[in-house]
Number of protein chains: 4
Amino acid sequence: MKNTLPPRKRRKDARPAEIIAAALEEFEVRGFGRSTLAGIAKRAGISRTTIYLYFDTKEAIFEAAIRSSVERAIDDVAEIAGSAEGDFGTFFARAVDLIYDRLVEGKAAVFMKILVAEGQFMPDLVAFYRREILSKGEAAIGALIARGIKTGELPESCRSEDVRVFMAPAIFAALWLRVFDKVDPLDIEAFKQAHVRLVVDALRGRA
Amino acid sequence: MKNTLPPRKRRKDARPAEIIAAALEEFEVRGFGRSTLAGIAKRAGISRTTIYLYFDTKEAIFEAAIRSSVERAIDDVAEIAGSAEGDFGTFFARAVDLIYDRLVEGKAAVFMKILVAEGQFMPDLVAFYRREILSKGEAAIGALIARGIKTGELPESCRSEDVRVFMAPAIFAALWLRVFDKVDPLDIEAFKQAHVRLVVDALRGRA
Amino acid sequence: MKNTLPPRKRRKDARPAEIIAAALEEFEVRGFGRSTLAGIAKRAGISRTTIYLYFDTKEAIFEAAIRSSVERAIDDVAEIAGSAEGDFGTFFARAVDLIYDRLVEGKAAVFMKILVAEGQFMPDLVAFYRREILSKGEAAIGALIARGIKTGELPESCRSEDVRVFMAPAIFAALWLRVFDKVDPLDIEAFKQAHVRLVVDALRGRA
Amino acid sequence: MKNTLPPRKRRKDARPAEIIAAALEEFEVRGFGRSTLAGIAKRAGISRTTIYLYFDTKEAIFEAAIRSSVERAIDDVAEIAGSAEGDFGTFFARAVDLIYDRLVEGKAAVFMKILVAEGQFMPDLVAFYRREILSKGEAAIGALIARGIKTGELPESCRSEDVRVFMAPAIFAALWLRVFDKVDPLDIEAFKQAHVRLVVDALRGRA
DNA sequence: AATGAATGAGGCTTCATTCAT
DNA sequence: CATGAATGAAGCCTCATTCAT
């Protein structure tokens, strides 16, 4: 029943997503500043002006891209939080796995890169990204820690800690991969494990 | 009498540094891509074309800026390594202090930001920055760990760890400050201490 | 009804030719080096940037102009060679008539002038012009001479002569007209006849 | 006695000539339009601004260069005309030799090239060059013809001929050498002989 | 819905030329 | 006499964006 829509219509509905996908490719390869509408259009296989039927500016495309990735992120957080059993180390490792997956695979890292570079000119998007994406991650980590405290694995003092310090290596790794990896490769698996070990050892040690 | 040098001449010697300083301001405020020679010139109080007497391209200015910051970085490393006494925690805290100083104060973070944004188009500079700046930091941290192992404070197993994971929160903080701080301020002092605690606790705990 | 094509579309097809025509005007008046895209655009009644929809660089415009004049040149040669009857003098006079026509009327002389001035920086175009234009002329003259030898009007020895010497006065006249004519006018008709007489007398005299 | 001037003075007197020489090199290599004062200064081994002590503009340098070559040209003409004996063919061949020498060797051809390219913007120089250089050549050829008529070698009808047609191949050769020679070399010696033969045969044939 | 045509704003860079020593 | 420093004018080119079909 959903497939009975005329192809024209289906096409129309798909366009924004196609453009966003094309734009993300372009952003990844050329950075945001150097990306051109011409490049995005070419990747999307459409004309430059067609983009204006769906988006007002280049920034609007980026905004839409960022927004379109929110739902999944929310699901992710739910996924992390939903898991039922295990000790803190296991949970944390799983959360970190997920985060690295997103970051290494792509979109999230592209967003980070662009926000680092151009965030000052997109305060709304920065706020949005922080609120919808990063803070979910923080909340998730915070929840893990709270659970660890409840189960007695972690000391009460951990509660007041700025959780961003526990996520920092992941962001670092994401950016390093995109910038310095060619000149000094980072073994992402080993790094991830070091990251987990660092946090788990530190927090457990305080008990 | 020593000051009787003709101002024109003195000017000339000072110009490159002035231009670099102006460029760094501009880069910091507008990012590299959006920076214009006109903006740099205005900040430096000179004409657009005067810049070309000293630098061939915008990239060249950035390169000069990055290179001009190397000497200090090297001194810093010496400073860290030179200190004589204390336990691992004290040493590491001092090193982290220094790193945050550089990163918060300015230049280094500006470079990081630009390299994140445009590094793919400046492979030479990425390599240079990594070699001359980042690897010094890594080496310093590695030396601290080696010393901790020798004094028995840290277990032998620490030696094989990727030291970048110990520096990551500093880089993270530097970028966060420039990007998300307005929307979610980061208490740099508290974060720094959390960073130190994280690493020290984790490494000590392994002993 | 055939004329109901949208003007926008018709425009598009005509644009390159319009731009070329405008450019030739500009080149003729200002020379190639001093010609500006702004000037060409103004002559064509379009915006500066519109030119870039059709040509990549100023050189490309010149190249297109030169190429667009080739077909006619080829036809000319056919025309000369095709004529059926007459003695060598008649043939040669007709060929010279044609050459002077082209040269005096315009394009060809403009090209010559530009190539003289800037040819060292456009080796491909020099080669192209020589191959597609000048050598046709040489071939035509050579054919006339061969015919003259066959009919017995000219001695066999003429065959080995460098035919460029027979065309030289035409090139000279073309350039003189553009450079020295104001200060020392050249009666083109008289000169042309002198040219014909010179060559015909010389070649016949050898018989 | 002339050599007792202080070296500073000698230097000063020599400067204009040095600059002119450097400029001619530059003009020859890069053409007039693309030549820069910076390039000329470098060739002359002096500073860009020093040129302004002696010349007001780039055009002024060219003008001085052209004027400085006049004396020699005048001498040349005298040389041609002064020779005492021989028939018309011999005389003409000698004159042509001389002309080709000048044209092939350099300065004169550089002037021609520049005037062809930029003459429309230097009407005074065009007039000057025509008057001081070209017309000398024409006069010399005219004198040769007059002498030929007097000695009975040439018919009276030659007198009314536009002598430029007799010089044209030389100009042609000079330009061809600078423009098309790489793509289609011209054997200058053979061409020169063909030129002489053409003119001599034609004029003699009329007798 | 889609597009080809067109353009204005703005960036980098070159160069002749002036200024002050 | 000579020059290093500095600049304004001007050119080429890119790109986001609008217009008209």
Side-chain angles (χ1 to χ4, degrees), chain A residues 6-9 11-13 15 33-41 45-61, chain B residues 5-15 33-41 44-59, chain C residues 5-15 33-41 44-59, chain D residues 6-9 11-13 15 33-41 45-61:
Chain A
R8 206 40 171 307
K9 186 72 182 160
R11 202 68 202 273
K12 187 203 162 181
D13 294 345
R15 270 287 137 81
R34 297 186 191 226
S35 289
T36 67
L37 287 188
I40 296 172
I46 59 178
S47 137
R48 224 166 35 246
T49 48
T50 299
I51 295 179
Y52 284 94
L53 296 177
Y54 302 96
F55 302 99
D56 283 342
T57 67
K58 199 165 75 164
E59 277 79 11
I61 303 176
Chain B
L5 276 170
R8 215 43 173 297
K9 188 67 181 169
R10 275 227 306 293
R11 214 67 202 279
K12 192 210 161 173
D13 295 345
R15 267 288 134 78
R34 298 185 194 229
S35 290
T36 68
L37 288 185
I40 296 173
I46 58 179
S47 136
R48 215 160 50 246
T49 49
T50 297
I51 295 179
Y52 284 95
L53 295 178
Y54 303 97
F55 301 98
D56 283 341
T57 67
K58 200 166 76 164
E59 277 78 11
Chain C
L5 276 170
R8 218 38 174 301
K9 188 67 183 167
R10 277 226 307 291
R11 213 67 201 280
K12 195 218 155 168
D13 295 345
R15 269 287 134 80
R34 298 187 192 226
S35 289
T36 68
L37 288 186
I40 296 172
I46 59 178
S47 138
R48 216 159 50 245
T49 49
T50 298
I51 295 178
Y52 286 96
L53 296 178
Y54 303 96
F55 301 98
D56 284 340
T57 67
K58 201 166 76 165
E59 277 79 11
Chain D
R8 206 48 174 296
K9 188 74 182 158
R11 201 71 201 272
K12 190 203 160 179
D13 294 346
R15 270 286 137 83
R34 296 186 192 227
S35 290
T36 67
L37 287 190
I40 296 171
I46 59 177
S47 135
R48 222 162 43 245
T49 47
T50 298
I51 296 178
Y52 285 94
L53 296 176
Y54 302 97
F55 302 99
D56 283 341
T57 67
K58 198 164 76 164
E59 277 79 10
I61 303 176

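Letters A, B, ... are given to chains in the order of the sequence lines, protein chains preceding strands, and every chain is numbered from 1. Values below: all heavy atoms of this structure, side chains included; hydrogens, waters and symmetry mates excluded.
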Chemist: Between C:I46 (CD1) and E:dT7 (C1'), how many Å, whole number?
Modeler: 11 Å
Chemist: Please step through side chain to side chain contact (heavy atoms under 4.5 Å, CB included) for the pair B:R15 and B:I46, ending with a clear verdict.
Modeler: CA-CA 10 Å; B:R15 267 288 134 78; B:I46 58 179; 3.4 Å; yes
Chemist: Closest heavy-atom contact between A:K58 and A:S35?
Modeler: NZ-O, 2.9 Å
Chemist: Is any side-chain nitrogen or oxygen of D:S47 closer than 4.0 Å to OP1 or OP2 of F:dA2?
Modeler: no
Chemist: Specify the separation, in whole Å, of atom CZ of B:F55 and atom P of F:dA6.
Modeler: 12 Å
Chemist: Pick one: which of C:I51, C:T50, C:D56 meets side-chain contact (heavy atoms from CB on, under 4.5 Å) with C:Y54?
Modeler: C:T50
Chemist: Figure out the OH/C1' separation between C:Y54 and F:dC13, and round it to whole Å.
Modeler: 17 Å
Chemist: Where each residue is assigned the nucleotide of DNA chain F containing its nearest heavy atom, which of A:D56 and B:I51 is assigned the position nearer the 5′ end?
Modeler: B:I51
Chemist: Give the rounded distance in Å between these two atoms: CD1 of C:I40 and C1' of F:dC13.
Modeler: 14 Å
Chemist: Quick one: side chain to side chain donor-acceptor pair (under 3.5 Å) partners of B:T36, sequence neighbours excluded?
Modeler: none
Chemist: In this structure, how many angstroms lie between the P atom of F:dT17 and the CG atom of C:L53, rounded?
Modeler: 17 Å
Chemist: Given Watson-Crick or G-U pairs with both distances under 3.5 Å, what dot-bracket string fits DNA chain E, with | for other-strand pairs and [ ] for crossing?
Modeler: .||||||||||||||||||||
Chemist: Looking only at side-chain N and O atoms, does D:R15 come under 4.0 Å of OP1 or OP2 in F:dA2?
Modeler: yes
Chemist: Using a cutoff of under 3.5 Å, can you pull out all pairs of nitrogen or oxygen atoms linking the protein to nucleotides 9-12 of chain E, with atom names and distances?
Modeler:
from: E:dC12; atom 1: OP2; to: B:L37; atom 2: N; distance (Å): 3.1

